[in-house]
Amino acid sequence: MFKHKKDEEIEKAPESEVETSLTKVEEEQGPDAEELAVREMVGKSMRKIGFMQGIMLGIVIAIAASMLSGLVVMKKAGVGPFQVAETTSSADESASSDSSASVSTLLDSATQQKLEVLYKYLNQYYYQDLDVDDLQEGLFAGLFEGSGDTYTRYYTAEEYEELQETTSGTFYGIGAALQQDATTKQVSIVKIYEDSGAEDAGLKVGDIIKSANGHKATSNDLSDFVQYVRGEEGTTVELVIYRDGEEMEVEVERKEVEEVSVSSEMLTDDIALVTISEFTSVTTEQYEEEMAKIKKKGAKAVVFDVRSNPGGVITSVTEILDEILPEGTVVYTEDKDGERTDYTSDAENYLDMPIAVLVNGSSASASEIFAGAIRDFDYGTLIGTTTYGKGIVQTILPFTDGSAIKLTTATYYTPSGECIHEKGITPDIELEYEYTGSEDEYEYTKDNQVAKAIKVLEKELSE
């Protein structure tokens, strides 16, 4: 790949150079009349997006003529490596029955003519040999990237395997909890696990991760970026870290990490702090264990901390809400056809004690479902800053070749019917975070938002 300086030079290449390159190809190729008929359209496109970008786009779409048709036929016939392996919703059924969802819509005759020309340029003039498998995977990824939705994407078999580890609660990684700024997309470390690769490498809470093995953090959603950080046990990942005004390269070994997504401690004799860092497949079990502990210690009120909780599995958060809230709908989703799915709490179990919930700008997705439900049930006090604002739901469809696709399939609504997408949830008590303790070790007594929660709950207990 080109270095950054070279990239700048390509972006700034004058239009005349692009035209000269096209002319040179025409002279050497001796195009036929049909090819010349689409050259003007090709030239205009390349002048808009840059010569090299145009070439790469060409090969990606060119393979579509031979690959995508096969995908549809094999899926429809129920054979071949692209058959849906599991059904997590009715999305695959509706896709196969939708007559308008045809490859011919994308690949009309004019597009195919243009692709032939672009493919010739790439095949003959690209400076290195191209890997067909990589190009094919790039084709599938590009199709979903064209949706313009950050959360809709294609996963290779390797990427999907890593994604499954993300939500399993046990994985191989550096042993650090990460958060991403909603505005800048900057990724920082908020927790280091004991005996982890991150601890061994000297990483610290507050370190900003610029990239992992060359993949820029700001170019990815956090759920996707962590896949570059995680990997096979015993392997290493090269991180670029920003700390105290300096960048440094750090090699970190990946080890087995059994993520603790729920922890607890007593803040006072009567008030407990329960921190939920993520909603994974093991979070419900861990939540029940920690709640049993604090009740045994005499807790009469609880502060739930979902600050910097990036979300997770919707069934995990709704199971926990079922343990906290009385009977009713805790969240519901609607797809583009208006089909509604409700997630409910029954009357069998509920938490009968005062509650406060700590949130911030990195509380996203499932943690916003958690906060929104408690707010709408009028079951607790939200304290902190406005949440991230991710109010859409993704569905994952795996295929028998190991690959998978993630699609944004619905919008979710809080129990009161509010869509919080791209606006977040404003807490009942808005309070910017201030911490006066040591950066090396967190002390809840130095956290102003925790202190505010204690005051709120103490007042409720005294009434």
Side-chain angles (χ1 to χ4, degrees), residues 88-89 91 144-145 147-155 163 166-167 177-188 190 217-227 261 275-281 283 304-321 329-336 340-343 357-376 382-396 405-427 430 433:
T88 55
S89 75
F144 287 85
E145 186 177 345
S147 70
D149 177 17
T150 304
Y151 306 105
T152 291
R153 62 162 293 180
Y154 167 83
Y155 294 96
L163 178 67
T166 301
T167 57
L178 310 179
Q179 74 173 18
Q180 186 172 51
D181 185 270
T183 304
T184 65
K185 306 287 283 185
Q186 181 175 279
V187 172
S188 59
V190 294
T218 54
S219 299
N220 292 272
D221 179 57
L222 182 60
S223 62
D224 295 326
F225 179 68
V226 295
Q227 294 182 53
S261 57
T275 302
I276 305 176
S277 60
E278 192 173 0
F279 291 97
T280 71
S281 60
T283 302
F304 288 111
D305 187 355
V306 293
R307 292 175 296 181
S308 302
N309 179 324
V313 184
I314 191 169
T315 52
S316 174
V317 65
T318 53
E319 284 171 356
I320 292 175
L321 287 171
T329 295
V330 298
V331 67
Y332 67 91
T333 66
E334 281 189 5
D335 64 18
K336 64 181 180 182
R340 173 169 166 162
T341 301
D342 284 63
Y343 296 83
V357 181
L358 303 181
V359 296
N360 65 8
S362 295
S363 301
S365 192
S367 60
E368 292 177 289
I369 290 176
F370 183 87
I374 289 178
R375 179 201 64 180
D376 286 2
L382 273 55
I383 301 170
T385 55
T386 302
T387 62
Y388 186 92
K390 181 178 183 289
I392 48 180
V393 179
Q394 284 71 46
T395 299
I396 294 177
I405 58 175
K406 180 174 71 173
L407 304 172
T408 298
T409 53
T411 301
Y412 79 72
Y413 298 85
T414 68
S416 65
E418 180 185 5
C419 173
I420 58 91
H421 191 58
E422 296 184 343
K423 68 176 185 178
I425 296 174
T426 302
E430 294 189 71
Y433 175 74

> What pair of heavy atoms forms the shortest contact from Gly424 to Glu368, and how long is it?
CA-OE2, 3.8 Å

> Under the criterion side chain to side chain contact (heavy atoms under 4.5 Å, CB included), I'd like the reasoning laid out for Thr385 against Tyr433: C-alpha separation, chi angles, the key distance, then a yes or no.
CA-CA 8 Å; Thr385 55; Tyr433 175 74; over 6 Å; no

> Where is the tightest heavy-atom contact between Val331 and Tyr412, given as atom of each residue plus distance?
CG2-CD1, 3.8 Å

> Can you confirm whether Ile374 sits close enough to Leu321 that some side-chain heavy atom of one is under 4.5 Å from a side-chain heavy atom of the other?
yes

> Can you tell me if Glu334 has over 12 outside heavy atoms packed within less than 6.0 Å of its CD?
yes

> Between OG1 of Thr411 and CD1 of Ile420, what distance do you get to the nearest 0.5 Å?
10.0 Å

> Starting from the C-alpha separation in whole Å, work towards a yes-or-no answer on side chain to side chain contact (heavy atoms under 4.5 Å, CB included) for Ser367 and Phe279.
CA-CA 8 Å; Ser367 60; Phe279 291 97; 4.1 Å; yes

> With side chain to side chain contact (heavy atoms under 4.5 Å, CB included) as the criterion, how do Thr409 and Asp335 come out once you've worked through the C-alpha distance, each side chain's angles and the decisive distance to 0.1 Å?
CA-CA 6 Å; Thr409 53; Asp335 64 18; 5.8 Å; no

> Please walk me through it: do Ile425 and Val359 pass side chain to side chain contact (heavy atoms under 4.5 Å, CB included)?
CA-CA 9 Å; Ile425 296 174; Val359 296; over 6 Å; no

> Parallel, tilted or perpendicular: which describes the rings of Phe304 and Phe370, with under 30° parallel and over 60° perpendicular?
perpendicular

> Should Thr280 and Ser316 count as side-chain neighbours, where that means a heavy-atom distance under 4.5 Å?
no

> Any heavy-atom pair between the side chains of Ile405 and Phe144 that's under 4.5 Å?
yes

> Rounded to the nearest 0.5 Å, what's the gap from CG on Asp221 to NZ on Lys406? Could you check?
6.0 Å

> Within the structure provided, determine whether Gln180 and Thr218 are in side-chain contact (heavy-atom separation under 4.5 Å).
no

> Could you check whether any side-chain N or O of Ser308 sits under 3.5 Å from a backbone N or O of Asn360, counting only pairs where one atom can act as donor and the other as acceptor?
no

> For Phe225, enumerate each residue passing the ring-ring contact (aromatic ring centres under 6.0 Å, His included) test, keeping only those at least two apart in sequence or located in another chain.
none

> Is any side-chain heavy atom of Ile369 closer than 4.5 Å to one of Val330?
no

> Between Gly384 and Pro427, which heavy-atom pair has the shortest distance, and what is it?
O-CG, 3.3 Å

> How many angstroms lie between CG in Asn309 and OG1 in Thr387, if you round to the nearest 0.5 Å?
11.5 Å

> Look only at the side chain of Thr283 and the backbone of Ser261, and say whether a donor-acceptor pair between them is shorter than 3.5 Å.
no

> Could you pull out the closest heavy-atom pair between Thr315 and Thr318, with the gap in Å?
O-OG1, 3.2 Å

> Atom NZ of Lys336 and atom OG1 of Thr408: how far apart are they, to the nearest 0.5 Å?
12.0 Å

> With sequence neighbours excluded, what pairs up with Glu418 under the side-chain hydrogen bond (donor to acceptor under 3.5 Å, both in side chains) test?
Arg375, Lys423

> So, for Ala366 and Gly312, which heavy atoms are closest and what is the spacing to 0.1 Å?
CB-N, 3.8 Å

> Under the side-chain hydrogen bond (donor to acceptor under 3.5 Å, both in side chains) test, which residues partner Thr184, sequence neighbours left out?
Asp181

> Calculate, to the nearest 0.5 Å, the distance between atoms OG and NZ belonging to Ser365 and Lys390 respectively.
4.0 Å

> Please round to the nearest 0.5 Å and tell me the distance separating atom CG of Leu222 and atom CD of Gln179.
9.0 Å

> On a heavy-atom basis, which atom in Asp224 and which in Thr150 lie closest, and how many Å separate them?
OD2-O, 4.4 Å

> Under a 3.5 Å cutoff, is there a donor and acceptor pairing between the side chains of Thr329 and Asp342?
yes

